[in-house]
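In what follows, a structure is listed as structure tokens, so that the remarks can point back to it.
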Amino acid sequence: MHILVTNDDGVLAPGLLALAQQMRLLGDVSILAPDRNWSASGHVKTMHRPLRVREVRLDDGTAAMASDGAPSDCVALALLGLLPDKVDLVVSGINPNANLGHDITYSGTVTAAMEAVIWGIPGISVSLDSPENHLGVLDYEPAANIARRIAEKVIKRGLSKDILLNVNVPYLLEDQIKGTSITRLGLRVYRDSLVRREDPRGLPYYWIGGEAPTGVPEQGTDFGALAQGMVSITPLHLDLTSYRQLGELISWEW
Ligand code: MN
């Protein structure tokens, strides 16, 4: 079992280290992740500049590789031949914040797992629903243990090649977590607002600011599971077709 570990927060992020340490209990682990933070960068393919890869050491001495590309570039590099051995599973995270509902289209953590699916390898993205304004160091251990158990099951049962699992873990002690729920995407409520300011030369610049987003904690959704203190596992595929609208649109007689 050869597992590729990546993330979108940068190769030296503590969530990646916690995840890699647990994945090592399941097989051989290769680490290739961005050399800087790519959070909320979406699904990227770098085509107009070269990509560089260099060796780095994580805090526990583990050898890893860092690229100046996006998370999805890292996965593509690894699966297209940078790693000599075939990769069986791609695990991305652990992101310090939840990736729920529409977040999946922005998330570098999730799009890394999407890239794995594009190349026919099962992908798992793991995010921690840490409280807003959390101060100090986050404890990634419960989420890392849960990620290991989920990856173990995926290895044992096999996952359809066109599916990734988007995992979100409540920020609780492990014995306080109420269980695991298989969910659909819920509804994120963004509270973004446009902030316009002037630079020292009097020219305007813009910042997408506003309050942190919330969500609708509906039963059966990723938001609903977290609100109940449960781990959320949402199976995702890349087919964004609206099957509900197909019939209606066909009836428009084009
Ligand atoms: Mn991130």
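All ligand and atom numbering here is 1-based and tracks the order in the structure.
To the nearest 10 degrees, the Mn ion (ligand 1) sees OD1 of D9 and OD1 of D8 at an angle of 90°.
Hydrophobic clustering (ILVMFWY, side-chain heavy atoms < 4.5 Å, transitive): V87 and M1 are in distinct clusters.
Checked by atom type, the side-chain pair T234/T183 shows a donor-acceptor distance below 3.5 Å. No donor-acceptor contact under 3.5 angstrom links the side chains of N97 and Y171, judged on distance only. Side-chain contact check for S127 and N99: at least one donor-acceptor pair (N or O, by modelled atom type) lies under 3.5 Å.
The distance from the Mn ion (ligand 1) to the nearest N/O/S atom of T109 is not under 2.8 Å. At a cut-off of 2.8 Å, S39 coordinates the Mn ion (ligand 1) through an N, O or S atom.
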